[in-house]
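For reference, the structure discussed in these notes is given below.
Given the structure is predicted, the values throughout are model-derived calculations rather than measurements. Within every chain, numbering begins at 1; the chains are lettered A, B, ... in the order of the sequence lines, protein sequences first and strands thereafter.
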Amino acid sequence: MNAASLIQALRDRFPHAVQAAHSYRGDATVLIGRESLLEVARTLKEDPAFQMSFLMDLTAVDFSAYGKKRSPAFFAHSGVAVKPSPEIPDEEPWPGPPAPARFVVVCHLFSLPLKHRLRIEIPVEEADAEVDSLTSVWASANWLEREVWDMFGIRFHGHPNLKRILMYDEFVGHPLRKDYPVNKRQPLIGPIN
Amino acid sequence: MTDVMTEVAIKLAVVFVMFFGVMNLAGLHTWIERKQSAIIQDRIGANRASIFGFRLMGLLHPLADAVKMFTKEDLVPAGADKVLHTLAPAFSVFFALVAFAGIPFGDRLVLGDRIIELQPAKIDIALLYIFAMLSLGVYGVILAGFASRNNYAMLGGLRATAQMISYEIALGIAIIGIVMVYGTTDLQEIVRGQGGNYWGWIPRWGIVVQPVAFFVFLTAALAETKRIPFDLPEGESEIIGYFVEYSGMKFGMFFLTDFLETILVACLATTLFFGGWQVPYLISDGFHFPWGAVLPVSQWTYVLLGVTSFSIKVLVFCFLFMQIRWTLPRFRYDQLMNLGWLGLFPISVANMLVTAVVLQLTGGRP
Amino acid sequence: MDPTQTPKSIPGEPETREMLLNVGPAHPSMHGIIRIIAKLDGEQVLDTDVEIGFLHRGFEKMAETVDYNGVMPYTDRLNYVSPLINNVGYCMAVEKLLGLSVPERCHYIRVIVSEISRITDHLTCVGAGAMELGAFSVFLYMIKAREFLWELVEMVTGARLTVSYCRVGGVKGDLPEGFEAQCRHALQETRKVLKEADALLTRNRIFVDRMSGTGKISAEDAISYGITGPFLRGSGVAYDVRKDCPYAVYDRFEFDVPVGTRGDNYDRYLVRMEEMEQSIRIVEQALRDIPPGPVLANPETGRPIPAAEMVDEGKMGRIAGIVDHRAVIDPTLEGAAKSQHGGIEAGEKRVFLPAKEDTYGNIEGLMQHFKLVMYGHGIRPPKGEVYFPVEGANGELGFYVVSDGTGSAYRVRVRPPCFAIMAALPKLLVGDMIADITPTFGSINMIGGELDR
Amino acid sequence: MSEAGFFTTRLDEAVGWARKFSIFQYPFVTACCGMEYMATACSHYDVDRFGAGLPRFSPRQADVLFVVGTISHKMAPVLKRIYDQMAEPKWVVAFGVCTCTGGFYDNYATVMGIDTIIPVDVYIPGCPPRPEYVLDGLMKLQVKIQEHGVSGARSAPESRPAELVR
């Protein structure tokens, strides 16, 4: 199944859940609301039309600084901009980040029997940063969700053991959020260098 | 009175020869092991330590190790039992060393009317004595494990206990065959019993009479020395070992015990199965070759040849153990138990029964 | 804990208690950065808790602060046993974002170096696993072979370990002279070592007993945990990104994907041993088929225009190779046409660094180098997000890159292959013995840089 | 030199000699540098030639702590504890740029040089250092050990004083 037909199949199946979709550079992507995440995930895994047996990756993006990033350049547009070469399809431009939500939880799914990939994006507001946990569908979600909690502070409803995984328990804040300074240190021992 | 003094002096000399030989061999053993592993692994091995510019192929490294260990701080972890913690390594080394008392390293030397047995202590039950000492040596390991207040050490101690108990039984029963054949537990007598040849040319060694017992003995004895593939109590990469909390010379003593036990086992294997100090075709007045030639040798030469032969055989065994150590991976606990109880134990019992039957049929002569 | 499993203390009998054993992070077989808290009943593992993160170095945060080519050194240090595969994966992800296609020779070179890296990775994994079982010599043999391959890598890239060889749009440089002979020699040495290791291990009774039946995982469980790579193939699932979603030129080579049947440590060992053979096979085919040509080409003209040549051509009035750059010359020299500079750069697709001779030898090369390398400059891809998987040594290594159109990535995310396997570790260990922690953990081939990033 | 000092000096020399040729190392291997550490220890470079070929995985028995690879803030207490557990005399080698200065991981997660936590005797820079550098560093350490002596204090730590801030 190619990207377009995959998206179409998903749209047919969940007309209300799919908020937006694109296939920028051939990566099938659907944006779905968090209330229907579990239902969509179960269907994707079990339905013979999708058979997404792998949850390859689960991560998040903090879009709060999107478009506001200060370029370190002398000129704002310095650097070598690149246009795609003709043989690679670029018919569909990237729609950009989903507008009001600060975070987007991104899942990459892969179907071993059908060999197609799908990206699911779930927009999450900062004030209510909580998504249903996918641990009941894919076992791999367990640690990945812990990492997203650790790095972004997005909670996962129904996760069996949601605690920090990469950082230590004494750490305050979530380092991959855009407002966490890259070198703000919280050492356990030793000076703050 | 003077007679007693001379007696004591001679005994001391014999003990000294044994002690000197064993301790040096233990030191040398580390060097041989390092060099031998280097050869196996395409390396050069330790060779930098030099005194006045003499490197001696790295022979000085064991010396450096020893001096360093003596000058290293001695730590007893908080919460550990101080007395037992200190006793454990001493236990280990002591019992490993005293076990050598029963090993005959040469035939008797006749000086005038005085007969000197080249065996530090003439014990009728030398074999039992050595086994007793070997078993007591395990207490060092167990104490070390329990006194350290460390889970890893504790696991090491537990493993050592189980391993020693299971393998000592197989070891003991394997030896019974030999005891039955030669009819004695006196090691010197066992060695003497191995003199002479079958059909004129095969030496009458233990391995010829008891080949099965030899392999059981070798395996079990290897387990007894806690070396790879039986180094579970140490198990560097799994549990660091029962001596995890030992530093400085206390650790050095465990290290030494390791080598001492290897040498002891090599000595035992030589004595029981490879004719001890016997040299093929050599009896006290000279070589008697199967084809009839006779080469007479003096009494001193005869004894010295015996001692040399004994040493060479021991070294060969040490070398074999090293070769095994650098080639094989380690057993797992349950596999070790299986091998001990389901493999070696039944074989050794069967060997004992077969030996008994054969001896009965042949009228008690091997 | 299941109360039926807990041995109750019976009056008159000695009380039995579980023991908590803390394995790591400073433990010889935990590679320094894992803590396993194991609940033991004697030697048996009842329950484990795995703690990671001891090598978290903030790769993803750092990648947001540097330009696109600047991420390259950080990718080296993800899976530091096979850094070249990380390089390739990241470059191909960014190239996908840019919509670039690189020349054929570059693809072949990337395949060759990836496969060499894969061999070094498997050598280290199998060797370290054997060492932790006590077979120390095997480890040294493996490292000896790895050393031959590293010499090869050094010859190509100039570094042994942290190579930073790939560039967005190509690779740093062409294969050096005499590479093929050296490569064949190194592969031969590797084969020799593999044969030795095979003789020492594969039918060694102790080794087989230690490995088979331990660390078992079924195919369904493995898929559910997101396990990929040799680990998954050991469970009998023939998923290999090189075969199933071919990238670079992998679809042109003949190679087999070995699979196991039982999903235990022994199968994974066999799979790794066989994969090294297959990698050697791929490298040999690639060496045979590699076409001549540029390794960093302008996708438009199909060949690089060395700046010196460009100048010479221009002097002679032959500007055919240059005209398509639509250069706008500033008429006033005061920057009145500055606003049009964006337009100039938009047509420029030479995102690769020029050859060093050009950088040092003429102004055009220097400028191009400057534009790509200097702080605040660099490539500016269009806005978008892409995910690109490659077959890393441990499984699917995916890079997810989000761009906001500026010179540095908005977000770079790695899908670390051994993260998924480590997540399954508690399941793998329960029921086995303490001694099995070591081979099971060894067969995961946990690489700290990749796991904790 | 006074006559009384003669014996002490000789003893110092002998002990220093023994210590420098019997280096039991504790490899605190965390990251990429571990690969080069392995390469140094194995056949091609063979660190055993210098008498340093016997890694001890118990800090009690080790003489030299080889800190190999990046130390994160999560790891720092562990490192400090291992150092404290070692028996005197002990030395520390910072292996690789990350342990020396933190390297290019100037961010929230990593310790900017282990000398902020424990004293360091020899720094081996490089990312990771080639085995030749490592051998060079080892020889420098041997010189330092030789100078240390049995009674003499350690030569002043070349590091900032470790100041424990919780």
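- If you measure heavy-atom distances from Glu154(C) to chain D, the contacts under 4.5 Å come from the side chain alone.
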For side-chain contact (heavy atoms from CB on, under 4.5 Å), just list the numbers for Val138(C) and Met131(C), CA-CA rounded to whole Å, side-chain angles, deciding distance to a tenth of an Å, and then say yes or no.
CA-CA 7 Å; Val138(C) 177; Met131(C) 173 180 69; over 6 Å; no
Between Gln146(D) and Glu13(D), is a side-chain contact (heavy atoms from CB on, under 4.5 Å) present by the stated rule, with each step listed?
CA-CA 7 Å; Gln146(D) 173 79 71; Glu13(D) 253 174 45; 4.2 Å; yes
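- Nearest heavy atom pair, residue Asn394(C) against residue Cys418(C), reads ND2-CB, 3.8 Å.
- With a threshold of 4.5 angstrom between heavy atoms, Leu55(C) approaches chain D through its backbone and through its side chain.
- For residues 62-79 of chain D, the set of pairs meeting the salt bridge (charged side-chain N to carboxylate O under 4.0 Å, His left out) definition, not counting sequence neighbours, comprises Lys68(B)-Asp63(D), Lys72(B)-Asp63(D), Glu51(C)-Lys74(D).
- Salt-bridge annotation for Glu147(C) and Arg160(C): present, with a side-chain N of the basic residue lying under 4.0 Å from a carboxylate O of the acidic one.
- For a residue to count as touching a neighbouring chain, one of its non-hydrogen atoms must lie under 4.5 Å from one of that chain's; by this rule Tyr45(D) touches chain C with the side chain only.
- No donor-acceptor pair under 3.5 Å is formed between the side chain of Thr110(D) and the backbone N or O of Ser72(D).
- For chain C, the option among Ile71(D), Ile82(D), Thr70(D) with the highest count of heavy-atom pairs below 4.5 Å is Thr70(D).
- For residues 74-82 of chain C, a heavy-atom distance under 4.5 Å to chain D picks out Tyr74(C), Arg77(C), Tyr80(C), Val81(C), given by residue number.
- Ranked by non-hydrogen atom pairs under 4.5 Å with chain D, the options Ile447(C), Thr162(C), Asp452(C) are led by Thr162(C).
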Worked check of side-chain contact (heavy atoms from CB on, under 4.5 Å) between Val64(D) and Val122(D):
CA-CA 10 Å; Val64(D) 176; Val122(D) 173; over 6 Å; no
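- Remark: Tyr108(D) pairs with His56(C) by the side chain to side chain donor-acceptor pair (under 3.5 Å) rule, at least two apart or across chains.
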Verdict with reasoning, Ile36(C) to Asp49(C), per side-chain contact (heavy atoms from CB on, under 4.5 Å)
CA-CA 6 Å; Ile36(C) 298 174; Asp49(C) 188 12; over 6 Å; no
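- In this structure, chain D has heavy atoms under 4.5 Å from both the backbone and the side chain of Pro73(C).
- For Lys144(C), the parts lying near chain D are the backbone and the side chain together; criterion is any non-hydrogen pair under 4.5 Å.
- Nearest heavy atoms, Val126(C) versus Met276(C): CG2-CE, 4.2 Å.
- Top candidate by heavy-atom pairs under 4.5 Å with chain C, chosen from Pro55(D), Gly69(D), Ala39(D), is Ala39(D).
- Between Phe139(C) and Phe136(C), the two ring planes are tilted [angle within 30° to 60°].
- Below 4.5 Å, heavy atoms of chain C meet heavy atoms from Pro128(D), Arg130(D), Pro131(D), all part of residues 128-141 of chain D.
- Note that CG of Leu451(C) and CE of Met422(C) are 5.5 Å apart. Values are rounded to the nearest 0.5 Å.
- Of all non-hydrogen atoms in Phe399(C) and Gly89(C), the two that sit nearest each other are CD1-C, 3.5 Å.
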